[in-house]
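Below is one structure, written out as structure tokens; comments come after it.
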Number of protein chains: 2
Amino acid sequence: MRLEKMMNNTPVTLKFLAEKLKMSVSTVSKALNNYPTINAYTKQRVQEMARELHFTPNKSAINLKEKRSRIIGVILPNLLDHFFTRSIYGVEQFATQNGYNVIISQSHDDLEKEIQSANMLLRSRVDGLIVAISKQTQDFAHLDQFEQMGTPVVYYTRNPSFNLSCHKVLGNTFQGCYEATKFLIGRGHKKIAYLGGPKMTNFTHDRFNGYINALKDNGVPFSAKFVAYTDFDKENTIAAIKNLFADSDHMPTALVAFKEPILFDAIKYLKSTNHPNFNKIESIGFGNNAFISYLDSPPIASIEENPESVGENAIKLLLQLINKEIDMENYQKVMVDCKLVVHG
Amino acid sequence: MRLEKMMNNTPVTLKFLAEKLKMSVSTVSKALNNYPTINAYTKQRVQEMARELHFTPNKSAINLKEKRSRIIGVILPNLLDHFFTRSIYGVEQFATQNGYNVIISQSHDDLEKEIQSANMLLRSRVDGLIVAISKQTQDFAHLDQFEQMGTPVVYYTRNPSFNLSCHKVLGNTFQGCYEATKFLIGRGHKKIAYLGGPKMTNFTHDRFNGYINALKDNGVPFSAKFVAYTDFDKENTIAAIKNLFADSDHMPTALVAFKEPILFDAIKYLKSTNHPNFNKIESIGFGNNAFISYLDSPPIASIEENPESVGENAIKLLLQLINKEIDMENYQKVMVDCKLVVHG
DNA sequence: TTGTACGCGTTATCAT
DNA sequence: ATGATAACGCGTACAA
């Protein structure tokens, strides 16, 4: 395996091949790219030599010439969140099918890091950008640069809640929450609590609206006592749950939660308090974590956000923008439905 | 925010700036790179103009010129495995500190995809490669190419078990398993089962050796009845567990498992069988999954593999190779110790 | 202090 | 059918 270790110090370029073959650089280039005007025998000689010497075209040179990189940049907050890693799968799949490669960059929910990532991708002249903004992002100068250079940007999942004109691909979190609530009502619950996420997050409110509308559409009265908010901090979640279950005359029998990790904290806490009807409480959260099958008191269902599909829709839209099939000024908004998955 | 939307159609290059400023391209270049020979006032004018026009140097052009990309390639099987995403954190951290960017590519444990990724990174002329090979990888031609071009490669975590001469950074999986076994012995267990992973995986055996040695060093007799193997398939795991707990005269009281997901399946199954001493069984697996805190019958401890540290060691070694502080032929092997984390 | 000229590796146009 | 040449954007040795 290590046989041909000759440490070629002179890089194998077209010029190098040309010299070896005593031909011109342009002939070699054309032969490798299978130009019709090149003699079959010549092609064969060139291609053999190229293979033998492990010729690998230099992408930087090609990018420079072609004024495009065939690279899609992705900026996202965190690779530890399965939502994002699953969404990447959808992006990659469709991108490579269309001859694009993907560069992933994490912001760690830090604005500085997001700006750095953006600048790196800008310098790399990516052909398009897919971004889920950090929690801190309020100013978009570093992302607007792309569009100013004519590089399309698609915001996905996390996006500016105020009405920035931009291309968006979002999970239909309203519909997901609506279905979950409706499902619980269908199972006979009348006292359904809603545990929301950070209030500044755009879809906290969409989800709440899904909850409210499901109640209304099914004639279940709404009570503000059944609503609480938390960030992702455990203490905070416990405080919220305490509040929701404080009034013994007014005790929720079901729970819809913003995200499963929060829900797990809630369930764990409720269990630890020896809540009298703990076993009857039915809960649902966003996520559909694979881990659920190991829990002794699992949620009755999960709101599957289909991250692969979100990613796929983002890259599809982006490619249409790159190919000018959609005008960059013609801002698109794509919603991807959630699916309620009942655990068995 | 969208104010300055002028859709600059002419790209802002050094040449463009030079024309605007009525100077030569090289002066502009030098001014931007803060050459000492350039007049302070000139520098200022150039830098202002560059900022105003959002000049962004073209990385492809620079790569071409400098014959290096300041990019590190990473190929790994899967972003859904937290071991790998956590290891990336270590890589990124240290890479960016040293002026390198990171391109991540997933093989999905598919050799074809791994080859594609390798070729992509080769064409991009990454300055170094960090790779955790796919399960299928037996032939290394696609990875050897890098070293043939003078680009150093560091194999991490997953690596060829036969003695290929290459740079390696590995978790000290022997030590991890040794400590776990010893810990269980210390808690009074004499019948400790070992549930191993796929037999072809290199560190299945290292771990087994850790187990065996801990038994021997502490005077606990070994029995082949206490050893079983599984791949990551659930059915397979259950079959293995059935075997381990088949003989009622010879029932394990503790369990060391190859990886936590396997262990969780095992625990779940044992619980479902109403095993008489289920509550007394103590178990440990590799991973330290954050979800453990939500389990009702959690492992007593976890073997934390410190993936961030593995990643950090990999990039550190790679940078030394890139900087020729270590000779490429002088193959290194770095072991990163595991740490036993006791829950509760 | 600034400018000229060349080369990095590749593709494409235009000659030959 | 093949070759010479220019161009992509940038950095730098050398000239002015």
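So that the names make sense, note that chain A is the first sequence line, chain B the second, and so on, each numbered from 1.
- If you check the side chains of B:Ser24 and B:Thr27, you find a donor sitting under 3.5 Å from an acceptor.
- Using a 4.0 Å heavy-atom criterion, one finds that B:Tyr41 contacts no nucleic acid atom at all.
- You'll find the side chain of B:Leu79 stays beyond 4.5 Å of the side chain of B:Phe84, heavy atoms only.
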What side-chain donor-acceptor pairs closer than 3.5 Å can you find for residues 59-66 of chain A, not counting sequence neighbours?
from: A:Lys59; atom 1: NZ; to: A:Ser69; atom 2: O; distance (Å): 2.7
from: A:Ser60; atom 1: OG; to: B:Asn63; atom 2: OD1; distance (Å): 3.3
from: A:Asn63; atom 1: OD1; to: B:Ser60; atom 2: OG; distance (Å): 3.3
from: A:Asn63; atom 1: ND2; to: A:Lys59; atom 2: O; distance (Å): 3.2
from: A:Asn63; atom 1: ND2; to: A:Arg68; atom 2: O; distance (Å): 3.4

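- A pairwise comparison of heavy atoms in A:Leu317 and A:Gln332 identifies CD1-CG, 3.7 Å as the closest pair.
- Projected onto DNA chain C by closest heavy-atom contact, B:Arg125 and B:Val25 fall at different nucleotides, the more 5' of which corresponds to B:Val25.
- No more than 12 heavy atoms of other residues, nucleotides or ligands shown are found within 6.0 angstrom of NZ on B:Lys20.
- With 3.5 Å as the limit, one finds a donor-acceptor pair spanning the side chains of B:Glu114 and B:Thr137.
- For the segment residues 57-72 of chain B, residues with any heavy atom less than 4.0 angstrom from an atom of DNA chain C are, sorted by number, B:Leu64, B:Lys65, B:Lys67.
- Under 3.5 Å, the side chains of B:Ser107 and B:Ser134 contain no donor-acceptor pair of N or O atoms.
- Among the protein residues, B:Thr13 comes within range of the sugar-phosphate backbone only, with heavy atoms under 4.0 Å from sugar or phosphate atoms but none that close to a base.
- When the C1' atoms of four end pairs are superposed on the next four at each end of the helix from C:dT1-D:dA16 to C:dT16-D:dA1, using five pairs per end, the two resulting axes differ in direction by 50°, to 10°.
- For the ring-ring contact (aromatic ring centres under 6.0 Å, His included) condition, the pairs that include at least one residue of residues 90-119 of chain B, sequence neighbours left out, are A:Tyr89-B:His108.
- Counting 5' to 3', DNA chain C first comes under 4.0 angstrom of a heavy atom of chain B and last does so at the ends given by C:dT1 to C:dG9.
- Residue B:Leu14 is in sugar-phosphate contact alone, with no base atom involved, counting any heavy-atom pair closer than 4.0 Å across all strands shown.
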Which atoms of nucleotides 13-16 of chain D (N or O only) lie under 3.5 Å from a protein N or O atom, and what are those distances?
from: D:dA13; atom 1: N6; to: B:Lys30; atom 2: NZ; distance (Å): 3.3

